[in-house]
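Each residue takes its place number in the sequence, starting with 1. The structure displayed is predicted, hence computed values, not measured ones.
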Amino acid sequence: MSTIESSVSSILLDRVAEWLTNSSLAGDELENIVRGFCERLTAAGLPLARVHLSFSMLHPLYDALSFTWRRASGVTIEGFRMPAGQKPDRFLQSPYYYLLDNNLQHIRRRLLQDGPNEFPIFEDLRKDSITDYLAFVQPFGDGSVQGMMGSWSTDHNTGFSDDMIDALLRMQNHLAVAAKMAVLGKLANNMLTTYLGGDAGKRVLNGQIRRGDGETIRAALVMGDMRESTMYAEKEGRQAYIDTLNQFFDAIAAPFNRNGGEILSFLGDGFLAVYPCGRHKDPSKIACEAALSAVHQAQARVAELNRDREQKGLTRVGYGIGLHVGNVMFGNVGLKDRLTFSAFGSAVNEVQRLQILTKKYGREVVASQAFAGYCGGEWTTLGEEKLRGIRQKVTVLQPRAPAPAINVDESFREAVQNGLSEAEQVILLHRDAKKQVERTSMEKFIQ
């Protein structure tokens with residue numbers, strides 16, 4: 001790089017701080033904040049070549065989010081999941097671990113091209129012509145498990161001046177405030193989406209938080225349940241049973257959480273999914289066809305799971321699925337200070353009882369006449385049933401043709417083999433797709 005003045009304009013830095021404040025108030029995504037912040041710092045005259053920022057997160061899929069900004073290529077993002085009970089050697093030999101282990105807030109190193117590699121990461125940084133490196137730890141408050149770790153790097157031939165370091169440390173505090181707001185916003189969204197579902201979580205975030213808030217919707221309904229779960233629990237023990245139950249849900253329930261469907265709740269060893277639709281024939285047909293397509297995917301995935309379990313000497317997992325369509329009440333019920341957001345009404349009761357009838361008829365999938373009528377295709381009538389609370393008898397049917405051959409996606413096969421949930425596997429696939437060089441997620445996290 002050419003020689004530049006070492007002084008930094010406090011006026012331009014104040015503009016960056018102002019931008020951070022406005023971005024926080026506007027609720028910008030963390031990625032946009034990181035990208036905009038780094039670009040504005042360089043525009044203000046700081047000779048940054050690379051910025052690495054990692055944020056610890058309360059999230060069911062990963063422990064931290066890592067952002068790496070490079071002047072030449074922009075921002076890359078990684079989700080990081082710490083292996084249980086493990087601290088990889090790369091982390092133990094990193095500047096971040098050195099900071100944490102010695103209770104330090106900052107560490108600065110000048111990187112001479114022929115100097116020793118105090119930390120393994122320095123070898124990689126030298127390949128990028130980095131001359132100066134400043135790492136830091138920034139907690140989000142006393143006793144908080146959330147926080148920010150990061151590093152500033154430059155390829156300027158004289159490294160960082162004192163004015164530059166002072167500016168970076170000052171701006172670091174402003175970034176921490178903006179990042180904390182974004183992390184908390186993301187946390188709220190993550191938790192509501194994880195525990196309530198995507199649509200229900202958005203409804204709650206948008207203000208549907210009082211008992212009685214909600215509406216009546218029409219939807220195709222799916223109720224699924226694992227068979228002989230009591231036997232599994234007694235035979236396998238608590239942890240093995242929980243693992244089996246999660247494998248079952250990954251296999252059977254995941255297809256109903258896409259293509260217009262959403263899982264509203266898990267009920268013990270079962271689940272309820274809905275495909276909202278309009279009140280006319282065509283929307284109902286589309287919703288029922290999407291639900292039946294998901295049934296076929298679920299059957300293929302459970303078959304894959306059972307093949308894997310048999311190879312490991314484990315018991316096959318059985319299941320039953322009931323299908324129905326009707327109007328349901330969708331909203332908040334419960335106590336004034338303890339609510340649940342789900343679907344209720346006679347149609348929900350009916351699909352639950354249809355699912356129970358899979359035991360009587362010895363079938364994996366049964367549907368109501370209403371559902372089968374919208375789907376079309378060939379169905380076999382199993383019988384007429386008087387459902388509790390329903391005045392007329394209900395015709396119970398099953399698909400006549402066997403489920404079509406479906407290729408189980410590779411991500412699910414890998415998830416079955418390595419024990420990760422499908423959602424965790426998606427995070428890892430997203431991570432791998434963004435790799436530009438062969439490095440582990442831990443290596444990216446600790447830079």
Measuring from atom [atom1] of [X] to atom [atom2] of [Y], what distance do you get when rounded to the nearest 0.5 angstrom?
| X | Y | atom1 | atom2 | result |
| --- | --- | --- | --- | --- |
| Met148 | Gln138 | CE | CD | 5.0 Å |
| Gln247 | Met226 | CD | CE | 10.0 Å |
| Leu53 | Leu175 | CG | CG | 6.0 Å |
| Lys360 | Leu382 | NZ | CG | 10.0 Å |
| Leu125 | Ser153 | CG | OG | 5.5 Å |
| Phe67 | Arg35 | CZ | CZ | 9.0 Å |

Are the side chains of [X] and [Y] in touch, meaning some heavy atoms are under 4.5 Å apart?
| X | Y | answer |
| --- | --- | --- |
| Trp69 | Phe37 | no |
| Arg70 | Val75 | no |
| Ile77 | Glu31 | yes |
| Met149 | Val137 | yes |
| Pro255 | Arg301 | yes |
| Pro95 | Phe119 | yes |
| Tyr374 | Asp282 | no |
| Leu41 | Leu13 | yes |

For [Y], is there any backbone N or O sitting under 3.5 Å from a side-chain donor or acceptor partner on [X]?
| X | Y | result |
| --- | --- | --- |
| Arg400 | Trp379 | yes |
| Asn306 | Val317 | yes |
| Arg71 | Leu48 | yes |

Presence of salt bridge, [Y] and [X], under 4.0 angstrom:
| X | Y | answer |
| --- | --- | --- |
| Glu385 | Arg353 | no |
| Asp14 | Arg170 | yes |
| Arg307 | Glu304 | yes |

Can you name the nearest heavy-atom pair linking [X] to [Y], along with the distance?
| X | Y | result |
| --- | --- | --- |
| Gly320 | Thr358 | CA-OG1, 3.6 Å |
| Pro283 | Gly278 | CB-N, 3.4 Å |
| Phe371 | Ala220 | CE1-CB, 4.3 Å |
| Ser151 | Arg50 | OG-NH1, 3.9 Å |
| Ala291 | Val222 | CB-CG2, 4.0 Å |
| Cys277 | Ala287 | CB-CB, 3.7 Å |

side-chain contact (heavy atoms from CB on, under 4.5 Å) assessment of Leu46 paired with Leu168
CA-CA 9 Å; Leu46 283 165; Leu168 288 171; 4.0 Å; yes
Could you verify whether a donor N or O on one side chain and an acceptor N or O on the other, from [X] and [Y], lie under 3.5 Å apart?
| X | Y | value |
| --- | --- | --- |
| Arg279 | Ser284 | no |
| Gln239 | Asp243 | yes |
| Thr395 | Glu384 | yes |
| Tyr319 | Glu364 | yes |
| Ser368 | His324 | yes |

Do Gln172 and Phe136 pass the side-chain contact (heavy atoms from CB on, under 4.5 Å) test, and can you show the C-alpha distance, the side-chain angles, and the key distance before you say yes or no?
CA-CA 9 Å; Gln172 176 185 310; Phe136 65 88; 3.3 Å; yes
Would Arg40 count as a cation-pi partner of Trp19, with NZ or CZ less than 6.0 Å from the six-membered ring centre and within 45° of the ring normal?
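Relative to the ring axis of Trp19, which defines the angle, Arg40 lies inside both limits.
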Determine whether more than 12 heavy atoms belonging to other residues, nucleotides or ligands lie under 6.0 Å from atom CD of Glu228.
no
Does CG in Asn173 sit with more than 12 non-hydrogen atoms of other residues, nucleotides or ligands closer than 6.0 Å?
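Yes, CG of Asn173 has more than 12 neighbouring heavy atoms, counting only those of other groups under 6.0 Å.
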Report yes if the distance between the aromatic ring centroids of Trp152 and Tyr133 is under 6.0 Å, otherwise no.
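Not under 6.0 Å, so no.
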side-chain contact (heavy atoms from CB on, under 4.5 Å) for Ile252 and Phe271? Distances and angles first, verdict last.
CA-CA 10 Å; Ile252 198 169; Phe271 67 91; 3.8 Å; yes
From the options Val365, Leu221, Val351, Leu397, select the one residue that forms a side-chain contact (heavy atoms from CB on, under 4.5 Å) with Leu323.
Val365
Take Ile286 and Tyr275, measure what side-chain contact (heavy atoms from CB on, under 4.5 Å) needs, and give me the verdict at the end.
CA-CA 9 Å; Ile286 292 172; Tyr275 287 76; over 6 Å; no
